[in-house]
Amino acid sequence: MSRRNIVAGNWKMNLDRAKATELAQAVAGRHAEAGSVELVLCPPSVYLAAVGSAVGLAANGTSPSGVAVGAQNMHDKASGAFTGEIAPPMLVDIGCRFVILGHSERRTLFGETDATVNTKTKAALAAGLTPIVCVGETLEEREGNRTQAVVTTQINGSLAGLSPSDLEKIVVAYEPVWAIGTGKVATPQQAQEVHALIRGLLASLASPAVAAKVRIQYGGSVKPDNAADLAAQPDIDGALVGGASLKADDFLGIAKAFA
Ligand code: PEP
């Protein structure tokens, strides 16, 4: 089963409008360097429209370069009295095709649980967005030999109740918390082991055929010089990139490793 690798940039709360536009134009202009890899840019929400224009996004979320745009979070309701929140159909309305859900910063700093992620995942799918569902253990959990148990709970909780046809549409990002923004990347073997576990869990939730279609990204201090070894692993289908996604050279260098 061949899966199309996907490399997404999580810009977090960085850049300003001019720099976001410049970075998006650079990535779109050089997209050919990434070959067949699907590229997704996830700027802060206030810059989604500017980044969409910079990559030439059409109303249906496609662009001439193939570069797609995603949000970093969303609310689970379609509309209503939720001051400060953004609804899934609003993201679709401005051409977003992806949304990152359950990033470790959302889980730790904003109290998101597997139940929250589950509700949001269903809402994203209902709106026609592709959720990038993030899971991963802390250093304490890894050192306590609890990685498998923690990731199993997160996957089963975050994806509970999804139909097989919905499950095959999602992207999962395995992001060990100890590797995010720390410069400490998981070894390709450590990452592959958890990716294989996740694929097995997806097979139990749906079927091996569905699990074989789901793209599983690795995230956590991915850089151009460590991406190739990760890309060589059979169950690693791309990367979710934080810091290195803020520079076109680094982001495209990582994408090239997955091409
Ligand atoms: C992330 O926050 O999703 C991430 C992977 O960050 P970094 O690449 O900076 O470790």
Side-chain angles (χ1 to χ4, degrees), residues 5-15 19-20 23 27 34 37-45 47-48 51 68-74 96 98-112 117 120-121 124 130-139 141-142 147 150-151 154-155 158 170-188 190-192 194-195 198 215-231 233 235-258:
N5 285 339
I6 174 166
V7 173
N10 174 10
W11 295 359
K12 308 194 184 188
M13 200 171 72
N14 291 303
L15 307 178
K19 291 197 179 97
L23 178 56
V27 171
V37 175
E38 185 161 27
L39 297 176
V40 186
L41 302 180
C42 303
S45 330
Y47 301 137
L48 281 167
V51 165
V69 175
Q72 298 173 15
N73 181 35
M74 55 165 228
C96 275
F98 291 84
V99 60
I100 299 171
L101 295 176
H103 187 278
S104 81
E105 286 148 21
R106 302 283 332 157
R107 290 176 183 264
T108 354
L109 304 173
F110 301 98
E112 293 199 3
V117 179
K120 289 188 177 189
T121 299
T130 298
I132 298 178
V133 179
C134 303
V135 297
E137 82 287 359
T138 63
L139 184 59
E141 289 161 347
R142 176 160 282 268
T147 299
V150 167
V151 171
Q154 289 175 331
I155 288 287
S158 303
I170 70 165
V171 173
V172 175
Y174 167 57
E175 299 206 298
V177 179
W178 49 271
I180 296 178
T182 59
K184 277 191 231 159
V185 64
T187 66
Q190 283 174 324
Q192 167 57 28
V194 181
H195 281 233
I198 293 170
R215 294 174 299 171
I216 308 176
Q217 299 174 307
Y218 168 79
S221 297
V222 180
K223 305 277 181 281
D225 63 0
N226 59 31
D229 287 343
L230 292 160
Q233 301 302 312
D235 288 295
I236 301 185
D237 310 311
L240 180 54
V241 187
S245 70
L246 298 173
K247 289 196 178 126
D249 283 347
D250 288 351
F251 184 63
L252 289 163
I254 291 167
K256 214 183 283 182
F258 281 92

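Remember, it's 1-based here, ligands and their atoms both numbered in the order they're listed.
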List by chain and number: which residues place a heavy atom under 4.0 Å from ligand 1? N10, K12, H103, E175, A179, I180, G181, G219, G220, S221, L240, V241, G242, G243
Listed by chain and number, what are the salt bridge (Lys or Arg N to Asp or Glu O under 4.0 Å) partners of D249, not counting sequence neighbours? R30
Can you sort out the partners of S45 under side chain to side chain donor-acceptor pair (under 3.5 Å), two or more places apart, ordered by chain and number? none
Nearest 0.5 angstrom please: I6 CD1 to T130 OG1, how far? 7.5 Å
All ring-ring contact (aromatic ring centres under 6.0 Å, His included) counterparts of Y174, not counting sequence neighbours: H195
Calculate, to the nearest 0.5 Å, the distance between atoms CG and NZ belonging to L101 and K120 respectively. 7.0 Å
So OG1 of T182 and CG of L139: to nearest 0.5 Å the spacing works out to 9.0 Å
